[in-house]
Amino acid sequence: MEDGWKQVDPVKKYGLSQSTITTFLKKRKQIEEAVNSNEISPQRKRLKVATNENNDAAILKWLQELKAENVPINGLLTCG
C-alpha cells in the first residue's frame, strides 16, 4: 500500500479476498512487530499463539521422554 496501491490491486494480482487485505492492514503493525522480534516466522499464515503454554511444555516433555526411550511416536499415540 505504501507504493500507492489501492486495496483492490493485491486482490486482483494475488487472488486474495478483500477481507484478507483489510485484516492485514488492520493488524499490520502487530504482524510486523511479531516477525521482527522472531516471535513468528514470515511464512506463518496466522498470528496465533498457544492458549495454554503449560500444556505445550508438558506435551513437549512427554514426547522427549518417549523419544529417549525409543518409543515409536505416530499420530495415533499423539491423538489418543
Side-chain angles (χ1 to χ4, degrees):
M1 306 324 262
E2 293 173 355
D3 296 334
W5 281 28
K6 296 178 183 175
Q7 283 191 16
V8 72
D9 294 334
V11 169
K12 291 178 182 176
K13 183 173 182 174
Y14 300 109
L16 302 169
S17 71
Q18 183 69 38
S19 65
T20 299
I21 300 301
T22 303
T23 301
F24 172 78
L25 292 173
K26 187 167 80 172
K27 296 184 177 184
R28 179 179 177 180
K29 186 172 179 113
Q30 180 186 7
I31 294 168
E32 286 176 346
E33 288 173 359
V35 170
N36 290 337
S37 69
N38 293 323
E39 185 179 325
I40 62 167
S41 75
Q43 291 77 30
R44 295 254 328 246
K45 292 184 178 184
R46 292 201 168 104
L47 185 61
K48 290 188 175 184
V49 293
T51 55
N52 192 333
E53 294 177 17
N54 293 334
N55 285 351
D56 288 351
I59 292 170
L60 178 60
K61 182 179 177 184
W62 175 64
L63 290 171
Q64 290 170 336
E65 289 172 1
L66 291 175
K67 184 177 177 184
E69 296 174 14
N70 294 320
V71 175
I73 301 172
N74 60 31
L76 294 174
L77 178 65
T78 57
C79 294

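We count residues from 1, following the sequence as given. Here the structure is a predicted model, which is why all the values come from computation and not from measurement.
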Kindly give the heavy-atom pair with the smallest separation between I73 and L63, and that separation in Å.
CD1-O, 3.8 Å
side-chain hydrogen bond (donor to acceptor under 3.5 Å, both in side chains) against T20, all qualifying residues, sequence neighbours excluded:
S17
Hey, can you pull the donor-acceptor pairs under 3.5 Å for the side chains in residues 8-15, sequence neighbours left out?
unit_1, atom_1, unit_2, atom_2, d
D9, OD2, K6, N, 2.9

Quick one: pull up CG in L60 and CD in E65 and give me the separation to the nearest 0.5 Å.
10.0 Å
Mind checking side-chain contact (heavy atoms from CB on, under 4.5 Å) for T23 and listing every partner two or more places apart, or none if nothing turns up?
K27
